[in-house]
Amino acid sequence: MEDLKPKIICVVGPTASGKTSYAIKLAKECDGEIVSCDSMQIYKYMNIGTAKPTLEEMDGVVHHMINFVEPWVNYSVADFTTSARMHISDILARGKMPILCGGTGLYLDSTIKNIKFISEDTDVEYRKELTLFAMENGKESLHELLKDIDIVSYEKIHPNNVQRVIRALEVYKATGKPKSEIDILSRGEEIYDSEIFGLSLQREVLYDRINKRVDIMMDNGLVEEVKSILSMEVPKTATAMQAIGYKEIVRYLDGEYSLEKAVDAIKQESRHYAKRQITWFRRNEKIKWINVLGK
RNA sequence: AGGGGUGUAGCUCAGUUGGUAGAGCAAUGGUCUCCAAAACCAUGUGCCCAAGGUUCAAGUCCUUGUACCCCUG
C-alpha cells in the first residue's frame, strides 16, 4: 500500500535556516515545483518582512501558495490544506515533483497527514462573546465551561490558554461533540510518501543569521512596505499584521516604539519563533536533519 | 584632590529591624488538529567586587582597598 502513495519532498526548519534556497536547489535537480508552507508568505504585498523569495531567487522554479491572499483576509489552516493538496495533486499529475517548503509546522503537518478540520467556519461572534466572558469572569471560569462538555480537553488545555479553550468551546457549539473526540476521528493517515529534510544549524549561528537578516530587511525598506500595506486599509488586528516584523513596525509607526526598539523586538521575536519551530520539528522522527552550514 | 553614590543570576534591578538571596527580561526545555510569524506551560546555586573586622550568625553593620558614576575645586 505504501507504494501507492505519491512521493513528495518536504523542506522544513526554523526561520533563516536557508529553506528557500535549499528547496529551489532541489527543485532544479529533480524537476520539481515548490509548494510553500508558510502562514505569512501566502499574503500579497508582504514581501520583505516575510522573506519571500524574489523572482530572481526563484530562478524559474514554479512556486505555489505564495502571494494569493489579500492581507485583510483571515486565512485558515483548513483553507490552506485544501488548496495545498490541490496543488500537490496537480503537480503530480503533470509528472513533476512537489516540494513542500516552509516553517509553519502546523500547515505542513496538517496537509500531509490528511487532517480534516470541521467544516463549519470559525464563529467570530461566538469567539468575541467568549473572549468577553473571559475578561469579565476570568480565564478559569471560561475554562470551567469546558468541564461538562469535554472533560478531556478540559484537562488537556491549560486555563491560561484562552485561545485554545475558546476553540474547544467553539467546536462543541458547531458540532455538538467534544473537540477531543473530533480530533481523534479526523486524525488521518499520511497521504503521501514524504521524504522530509530538516535544516539545522548551531543555535548561535542561527540567531546571528536572524539578527543580520532583520537588518537587511530594514535596509530593504520594511517600514515603507508596512506603510503601504496599512494604506490599503488593512486592519492592524488582521492575521497578516500579526506577522513578526509587521506588528513591531506598526507600533513604531504608532509612536509606541522607537525605531531601534522595534528592530530589537523583531529580532527577539524572530529568535523566539525559531525556537518554537525547532521544538515543533524536533518531535517529528521522520525528518532527516542536515547541517547546511557545517558544524 | 575633597564630598556623595553604586558594585547581588547573561541584562535591569529587589532584598524588610543582621539569620548564607528573589523578580522581570534573556536563555533553555516543552505543548500544539482553523488567530500558528499565534496562544500557552515548565526550569532561577549566583565565589551577593575584594580583604579584614564585629557577631552564635553579614548581601545586610564597621574598616581598608578596588571599579564605575555624579558633584565641588
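Per chain, numbering begins at 1; letters A, B, ... match sequence-line order.
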Check: Between B:A39, B:A38, B:G29, which nucleotide has the shortest distance from any of its atoms to the side chain of A:Arg203?
Finding: B:G29

Margin query: Going by purine N1 to pyrimidine N3 plus the second Watson-Crick contact, or the G-U wobble pair, all under 3.5 Å, which nucleotide sits opposite B:C48?
Written below: none

Margin query: Can you tell me the base-pairing partner of B:U33? Count Watson-Crick or G-U wobble geometry only, both distances below 3.5 Å, and say none if there is no partner.
Written below: none

Next item on the list: Could you work out the separation of B:A14 and B:A9 based on their C1' atoms and round it to a whole Å?
Entry: 13 Å

Note to self: Just checking A:Glu233: does its CD atom have more than 12 heavy atoms from other residues, nucleotides or ligands closer to it than 6.0 angstrom?
What the structure shows: no

Notebook entry, point to check: Which of residues 45-58 of chain A have a heavy atom under 4.0 Å from RNA chain B?
Noted result: A:Gly49, A:Thr50

Next item on the list: Decide yes or no, distance alone: a donor-acceptor N/O pair under 3.5 angstrom between the base of B:A38 and the side-chain of A:Arg164.
Entry: yes

Next item on the list: Start with the C-alpha distance between A:Phe68 and A:Tyr75, add both sets of side-chain angles, then the distance that settles ring pair (Phe, Tyr, Trp, His ring centres under 6.0 Å), and finish with yes or no.
Entry: CA-CA 11 Å; A:Phe68 67 103; A:Tyr75 201 70; 5.6 Å; yes

Next item on the list: Please state the P separation for the pair B:U20 and B:U63 - nearest whole angstrom.
Entry: 25 Å

Checklist line | Side chain of A:Arg276 - closest among B:A39, B:U28, B:C34 | finding: B:A39

Notebook entry, point to check: Considering only B:A27, B:C40, B:G30, which nucleotide approaches the side chain of A:Arg271 most closely?
Noted result: B:A27

Next item on the list: May I ask you to say whether A:Asp193 pairs ionically with A:Lys7, meaning some side-chain N is under 4.0 Å from a carboxylate O?
Entry: no

Item checked: Residue A:Ile115, side-chain atoms from C-beta onward, closest of B:G30, B:U33, B:C35 -> B:U33

Notebook entry, point to check: Counting only non-hydrogen atoms, which of residues 219-242 of chain A are less than 4.0 Å from RNA chain B?
Noted result: A:Thr239, A:Gln242

Margin query: Under 4.0 Å, counting only non-hydrogen atoms across every strand here, what does A:Glu120 touch: a base, just sugar-phosphate, or nothing?
Written below: base

Next item on the list: Return yes if the base of B:U33 and the side-chain atoms of A:Ser110 contain a donor-acceptor N/O pair under 3.5 Å, otherwise no.
Entry: no

Next item on the list: Inspect the contact between A:Arg251 and A:Glu248 and indicate whether a charged nitrogen and a carboxylate oxygen are less than 4.0 angstrom apart.
Entry: no

Check: Base, sugar-phosphate, or nothing: which does A:Glu170 touch, judged by heavy atoms less than 4.0 Å apart?
Finding: nothing

Checklist line | Span that lies between the C1' atom of B:U55 and that of B:A67, in whole angstrom | finding: 29 Å

Check: Which residue, A:Gly245 or A:Asp121, contacts RNA chain B at a nucleotide closer to its 5' end, judged by nearest heavy atom?
Finding: A:Asp121

Notebook entry, point to check: For the side chain of A:His272, counting heavy atoms from C-beta on, which of B:C34, B:A39, B:A26 is nearest?
Noted result: B:A26

Note to self: Rounded to whole Å, please give me the gap between NZ in A:Lys173 and P in B:C34.
What the structure shows: 17 Å

Check: If only side-chain N and O atoms of A:Tyr107 are considered, is one of them under 4.0 Å from the OP1 or OP2 phosphate oxygen of B:A36?
Finding: yes

Item checked: A:Asp90 vs A:Arg94, salt bridge (Lys or Arg N to Asp or Glu O under 4.0 Å): CA-CA, chis, key distance, verdict -> CA-CA 6 Å; A:Asp90 182 57; A:Arg94 294 197 316 273; 2.3 Å; yes

Check: Given atom CD of A:Gln163 and atom P of B:A39, what is their separation to the nearest angstrom?
Finding: 7 Å

Checklist line | Selected nucleotide, minimal atom distance to A:Met40 side chain, candidates B:A38, B:A36, B:A39 | finding: B:A36

Note to self: When the C1' atoms of B:A42 and B:G18 are compared, how many Å lie between them, rounded to an integer?
What the structure shows: 35 Å

Check: In whole angstroms, how far is the P atom of B:G10 from the CD atom of A:Glu204?
Finding: 16 Å

Next item on the list: Could you state the atom-to-atom distance from NZ of A:Lys247 to C1' of B:A36 in whole Å?
Entry: 11 Å

Item checked: d(NE2, A:His158; P, B:U31) in whole Å -> 16 Å

Notebook entry, point to check: According to a strict under-4.0 Å criterion, is A:Asn161 in side-chain N/O contact with OP1 or OP2 of B:U31?
Noted result: no

Check: Base, sugar-phosphate, or nothing for A:Tyr207, non-hydrogen atoms under 4.0 angstrom?
Finding: sugar-phosphate

Note to self: Which residue is it: A:Phe80, A:Trp280, A:Phe117? I am looking for the one with a ring pair (Phe, Tyr, Trp, His ring centres under 6.0 Å) to A:Tyr107.
What the structure shows: A:Phe80

